[in-house]
Number of protein chains: 2
Amino acid sequence: MEISTIEIEKAATILKLLGDKTRLTMLKMLETHDYCVCEFVEIFKVSQPAISQHVRKLKDAGLVREMRRGQWIIYSMNKDSDVFPFVQSLIHHLPNQDFKLQELEAQGLRISCD
Amino acid sequence: MEISTIEIEKAATILKLLGDKTRLTMLKMLETHDYCVCEFVEIFKVSQPAISQHVRKLKDAGLVREMRRGQWIIYSMNKDSDVFPFVQSLIHHLPNQDFKLQELEAQGLRISCD
DNA sequence: TTAGCGCATAATGATTTACTTATATAATAT
DNA sequence: ATATTATATAAGTAAATCATTATGCGCTAA
């Protein structure tokens with residue numbers, strides 16, 4: 001089976017981006033569900049600007065997409081990114097984070113419907 | 001097929017470590033051959049202390065091993081690390097770097113014999 | 001024993017990072 | 001229109017990062 005390779009320089013950039021617990025967890029969460037900023041704020045217990053800055057970095061790297069839904073902005077995995085196979089195989093090694101979603105729902109804080 | 005998972009926090013630490021072009025390239029090179037510090041110095045065109053600091057980080061994380069051979073210290077991949085499967089699948093996506101070894105040999109600068 | 005080589009460590013400095021608070025923008029609800 | 005909610009951006013700051021130069025230590029060879 002062939003594996004798609006990625007330039008070392010580009011890979012290092014992606015790895016640096018994901019070498020942050022918050023962003024890495026975000027991306028793992030986005031593997032299975034979409035999230036809005038305010039949900040991330042609830043989950044990660046940091047300020048809203050901090051979350052905005054994290055998702056912006058993910059977006060600038062082309063790893064996620066944003067779409068407005070009313071007053072919310074929903075973030076989702078960009079599966080068309082040329083580095084998606086790399087990222088996917090990476091987060092495949094991480095434990096599922098759906099329990100965070102369930103915590104949100106238990107608190108009645110789940111926004112997006114997908 | 002089952003895949004071994006790795007804690008998110010530990011994964012983020014590894015990714016931050018490899019989110020550096022020099023260290024990432026080193027690790028890819030060590031996938032197929034052992035190297036000593038002076039060879040890395042030649043290849044990466046940075047100071048010897050800079051290289052020492054990079055390999056030390058890789059060693060502290062348990063990703064590489066060192067062994068003294070005369071006046072040289074040879075670094076090799078630690079395939080017994082509990083995160084080796086994660087690291088391996090990651091560098092598997094990177095292009096082979098053996099051309100660097102061949103450049104060394106062409107210049108008569110290859111040290112370690114493995 | 002002394003000189004030279006390979007490597008590690010210490011000290012320092014410039015840059016980057018990840019947060020914070022304050023404020024601006026955009027959509028919603030009254 | 002005005003207030004509220006969700007998000008983005010700006011500005012500032014402490015800490016981490018990655019390089020450098022200077023120096024110490026261990027092995028080899030004369």
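Computed over heavy atoms, backbone and side chain alike; hydrogens, waters and symmetry mates excluded.
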When hydrophobic residues are tied together by side-chain contacts of less than 4.5 Å, even through go-betweens, does B:Trp72 share a cluster with B:Met67?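 Per the 4.5 Å side-chain linkage, B:Trp72 and B:Met67 are co-clustered.
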Can you tell me if the side-chain N/O atoms of B:Ser47 get under 4.0 Å from OP1 or OP2 in D:dA19? no
C:dA8, OP1 or OP2 - any side-chain N/O from B:Tyr75 closer than 4.0 Å? yes
Test item: side-chain donor near acceptor, [X] and [Y], under 3.5 Å:
| X | Y | answer |
| --- | --- | --- |
| B:Ser89 | A:His93 | yes |
| A:Asn96 | A:Thr32 | no |
| B:Glu9 | B:Thr13 | no |

Minimum heavy-atom separation for A:Leu18 to B:Leu15, with atom names?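 Distance-wise, the nearest heavy atoms are O-CD1, 3.6 Å.
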Closer to the 5' end of DNA chain D via nearest nucleotide, is it A:Cys38 or A:Lys16? A:Cys38
With a 4.0 Å cut-off on N to O distance, would you call B:Glu103 and B:Lys100 a salt bridge?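 Judged by the 4.0 Å cut-off on N to carboxylate O distance, B:Glu103 and B:Lys100 do not form a salt bridge.
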Presence of salt bridge, B:Asp82 and B:Lys10, under 4.0 angstrom: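 The answer is yes: the pair qualifies as a salt bridge.
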Separation of C:dT9 P from B:Gln48 CD (nearest whole Å):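 Distance check: B:Gln48 CD to C:dT9 P gives 11 Å.
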Starting the side chain at C-beta, find the nucleotide from D:dA6, C:dA10, D:dA10 nearest to A:Trp72. D:dA6
Nearest to the side chain of B:Pro49, heavy atoms from C-beta on, is which of D:dA10, C:dA18, D:dT20?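 Closest nucleotide to the B:Pro49 side chain: D:dT20.
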Annotated protein contacts, base or backbone, on nucleotides 24-30 of chain C with a non-hydrogen cut-off under 4.0 Å, one of B, S, - each: ---SS--
Which of these, B:Tyr75, B:Phe44, B:Phe40, sits in a ring-ring contact (aromatic ring centres under 6.0 Å, His included) with B:Tyr35? B:Phe40
Which residues in residues 51-60 of chain A have at least one heavy atom lying under 4.0 Å from any atom of DNA chain D?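 Here the set is A:Ser52, A:Gln53, A:Arg56.
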